[in-house]
Structures are given as C-alpha cells and as structure tokens.
Amino acid sequence: MNYRLAFLGFGNVGRALAELLLAKRDELKSIHDITFTVTGIATARHGQAVDASGIDLPLALELGRNGRPLNALSAGPVPDNFLEFIRCSGADLLFENTPVNYETGQPAVDHLRTALELGMHAVTANKGAVVHAYHELSELARVMGRHFFFESTVMDGAPIFSLFRSALPVVRCKSFEGVLNSTTNLILTRMETGESFEDAIAYARQTGFAETDPAGDIDGHDAAIKVAALMTVLMNTPTKPGEVAYSGIRDISMEMVADAKANGERYKLICSAEFDGQKIRGRVAPRRVSSASRFYGIEGTSSMIHFETDVLGEFSLVENDPGPQTTAYGLLADFINAVRN
Ligand SMILES: NC(=O)c1ccc[n+]([C@@H]2O[C@H](COP(=O)([O-])OP(=O)(O)OC[C@H]3O[C@@H](n4cnc5c(N)ncnc54)[C@H](OP(=O)(O)O)[C@@H]3O)[C@@H](O)[C@H]2O)c1
C-alpha cells in the first residue's frame, strides 16, 4: 500500500529521516508492502513544497543540505501557514519535527492535533508535544482510528514507548533511572580528560550535539522534559517539566571531576522517577558514581535507562553513540507501526 507523507520541519532530524526512508525503500516494499510518496515538506525559513503527485525527495535533500529554499519543488503556490500546509499536503501521516518548546509544546501540539483531526497519523520527535498534550492527542488519535507515536523523544530510536505499548502489555513501570542527556554526558566525559567545561561545550557544539545555546541541556531542562514524558506515558502520571526537581551540570568543576576520577568515580547526570510513599516524583541531578554503578560505563553521547517493573523485574536499555540517524529510525519505526496496526 502507498502512503502519502508530509514533513513539517526539515532540519537535522527531518533530513536524516528522508535519507533513511530512501535507504530502506526496498525493504519497506518487500517486507512490509509499504511504499510512500512525499506530498509536502515545510520549514520555517527555507520554504515549503506541496505536490500531490510526489516531491523529488533526493532533490529536496540536496536543497535542504545546502540551505536553499524548497519552493521550486512545489506544484503550485505554497500555503501561508503551517496548519494550511498540513491540510494541503493531503498526507496519510505527518512527521512533526520542529524545535521543542519546553513551556507550552507549541506550535507542535497544534500541528499534531490538526493532522489527527484531518485523519492522518501523527508522528513526532518533539518532546514538548508529549508532556503538554499526550492524553489529548492520544485520545484524539483513538477517536479518529489513527496513531500518535513519539518513539524518538527519549533515547532517540531505542524502543522505549513501543516496548511497553506492544511487547510488554500490562507490565507496569514502577520506577526508572537513566542517563538520558547526550550533551551533558559528552561534556562530563571530556572533562575527565582534563578539558575545561567551556572547551567541552565548544566541542559538543562543533560536533552538532549541543545547540548554539546549550543551556537547555546544561541546566537540566532537556533531561527534565524527558523524565516528565516517561512519567506521563509509562507511569500514568501526567507531569510537566517544572514538576520535576532538576539541576544540571553547571556547578560541576574540573576539580570535582578530577577528584572523582582519582577515586575511581565519575559524575553522571541521573534522571529518575520513583514512588516515595505518597506520590511519584521525578528528579534530575548530577551524581558521583563508582565503577560498581550501572551508569559508570556510559560514556560520551551514549545513554541508558534502567526500569523496575511489577511483573518483569528489572531490565535496562543502552544506546551507544546515537545521532540523527538513530532519531530518524525511531520515526521510521513509528511510521511502520502506525500503518501496519
Ligand atoms: N537532533 C537530534 O538528534 C534530536 C534527537 C531527538 C529529538 N529531537 C527533536 O527533533 C526535533 C527536530 O530537531 P532537529 O535537530 O531536526 O532541529 P533543527 O535542525 O533545528 O530543524 C528544525 C526544523 O523545523 C523548522 N521550524 C522551526 N520552527 C518552526 C515552526 N515554528 N514551525 C514549523 N517549522 C519550524 C526549521 O525550519 P528552518 O530549516 O527554516 O529553520 C527546521 O526545518 C526537535 O523537537 C528536537 O528536540 C532531535
């Protein structure tokens, strides 16, 4: 079966997804009988393209990589706002990959709601939409007979949400603990080699792991929103990032890292949620861990999550050296899971 796809956001993640779709085109067809036509691509400052007969995806990638506008690929005039773009794309599934808004989740929430109201599946890597509208969008998807999936929002393509949703029916997540922010883990790992905090940030920026303004990672906002997303979805505890007690790594000095290293220990930014006897509480805080800790060996941009469950005991997922291609995989898996269900 052929599916019409729309991309809202064609940055690092959107383009990596386009590349992966092209690379996996034959397997999608031969294993899952899935073919696709991209009918819309929209960006904030690099134009849009809408074409019901199919946009030339390799050409769109070339334009996107070179920062050139996409409008030349459009079959006609482009819509003047993103909600109209979603409607005009006539897609069966929207990939929403615009930047995260920690405070409100917008405009991603409106984009995803519009797609679902129009009868599209809605797939995103945007954490904001999950913490601010998970229940609303999931219920809307159910009513419309469609899916709202967001595997890539935590630990990129590692299967967390689909694991609990599909492979582990009725398993209850009682608590979790993890290293979930790649940028801070990379900075702490580099500081162990004697690099300063500032130089480690510069390296993280240079290699594309940190934003131009890396405060969201360094001060723990990104980790807190991931904790909130996991609590909301896996522990049935709707949580906003501000309800997670969080601190970042700004106060971890080179001396502290060196002292830990001299004692066979390391600093890690640990994300967790557990029941404290009264309620489930989320927390993000740096912790000095010994070599006996499961988190000690998680270096660089790698991440890990450890779950405690009611019937399956404890288990962990580890992701080594993720990048936009692993985030793209989570989106591709969501696409396949959405349409084959
Ligand atoms: N990068 C990762 O490895 C990673 C991992 C997990 C999750 N995510 C999430 O994935 C999403 C996309 O990340 P990214 O790295 O691809 O970001 P990015 O490179 O900055 O790309 C964002 C895209 O969205 C467009 N855009 C910006 N504001 C918009 C708006 N208000 N409405 C519509 N489109 C808008 C941008 O247009 P222009 O091109 O014109 O600027 C660009 O095409 C984010 O929510 C991020 O948190 C990223």
Side-chain angles (χ1 to χ4, degrees), residues 6-20 40-49 60-61 63-71 78-86 89 94-115 122-133 149-158 160-161 180-183 185-186 204-205 207-217 221-226 228-230 241 300-303 319 321-334:
F7 287 61
L8 182 41
F10 203 56
N12 295 314
V13 170
R15 291 197 303 272
L17 172 62
E19 279 165 10
L20 186 60
I41 305 177
T43 70
R45 296 162 299 138
H46 296 91
Q48 301 177 33
L61 275 167
L63 294 174
R65 275 190 223 108
N66 295 318
R68 288 171 49 207
L70 297 168
N71 296 43
V78 295
D80 59 8
N81 67 69
F82 292 119
L83 301 187
E84 189 57 12
F85 160 80
I86 297 168
S89 73
L94 174 73
F95 289 116
E96 210 289 352
N97 293 306
T98 64
V100 63
N101 175 330
Y102 295 110
E103 282 76 33
T104 67
Q106 293 292 15
V109 173
D110 286 345
H111 297 158
L112 293 160
R113 185 190 296 116
T114 300
V123 170
T124 189
N126 192 322
K127 300 168 273 283
V130 179
V131 295
H132 291 285
F149 286 163
F150 41 82
E151 189 61 81
S152 295
T153 54
V154 181
M155 272 177 75
D156 311 291
I160 294 180
F161 297 110
L180 300 178
N181 181 269
S182 294
T183 307
N185 205 51
L186 176 63
R205 270 207 203 105
T207 48
F209 282 98
E211 308 285 330
T212 314
D213 174 8
D217 292 315
H221 305 296
D222 175 80
I225 200 170
K226 286 174 175 164
L230 292 166
T301 56
S302 300
S303 48
E319 184 187 42
D321 301 326
Q325 72 287 355
T326 43
T327 305
Y329 176 70
L331 293 157
L332 175 66
D334 280 346

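Ligands are counted one by one from 1 in listed order, and the atoms in each one are counted from 1 as well. Predicted, not measured: the structure shown is a model, and the values here were computed from it.
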Worksheet item: Between Phe161 and Phe150, is a ring pair (Phe, Tyr, Trp, His ring centres under 6.0 Å) present by the stated rule, with each step listed?
Response: CA-CA 8 Å; Phe161 297 110; Phe150 41 82; 4.9 Å; yes
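Residue Thr98 holds the heavy atom nearest to atom 45 (O) of ligand 1 of all those in Leu331, Asn97, Thr98, Val13.
Ligand 1 has no N or O atom lying under 3.5 Å from any N or O atom of His111, backbone or side chain. Between Pro324 and ligand 1, a contact under 3.5 Å exists for no N or O pair. Considering backbone and side-chain N/O of Arg45, one or more are found under 3.5 Å from N/O of ligand 1. In terms of polar-atom proximity, defined here as any N/O pair under 3.5 Å, Asn12 does make such a contact with ligand 1.
Shown in contact with Thr327 at under 4.0 Å from a heavy atom are these atoms of ligand 1, numbered in order with element: 3 (O), 4 (C), 5 (C), 6 (C). Every atom of ligand 1 is numbered from 1 in the order shown, and the set under 4.0 Å from a heavy atom of Phe10 is 23 (C), 42 (C), 43 (O). Taking a cut-off of under 4.0 Å to the non-hydrogen atoms of Thr43, the atoms of ligand 1 that pass are 37 (O), 38 (P), 39 (O), 40 (O), 43 (O). When each atom of ligand 1 is checked for a heavy atom of Lys127 under 4.0 Å away, the hits are 47 (O). Counting atoms of ligand 1 from 1 in the listed order, those under 4.0 Å from a heavy atom of Pro107 are 31 (N).
Here Asp156 has side-chain heavy atoms under 4.0 Å from ligand 1, and that is the only part of it that gets that close.
At least one protein heavy atom sits closer than 4.0 Å to atom 32 (N) of ligand 1.
Using a 4.5 Å heavy-atom threshold, the side chains of Leu331 and Phe149 count as separate.
The nearest heavy-atom contact from the protein to atom 21 (O) of ligand 1 is Gly11 CA, 3.3 Å.
Asp156 and Thr326 share no side-chain donor-acceptor pair at under 3.5 Å.
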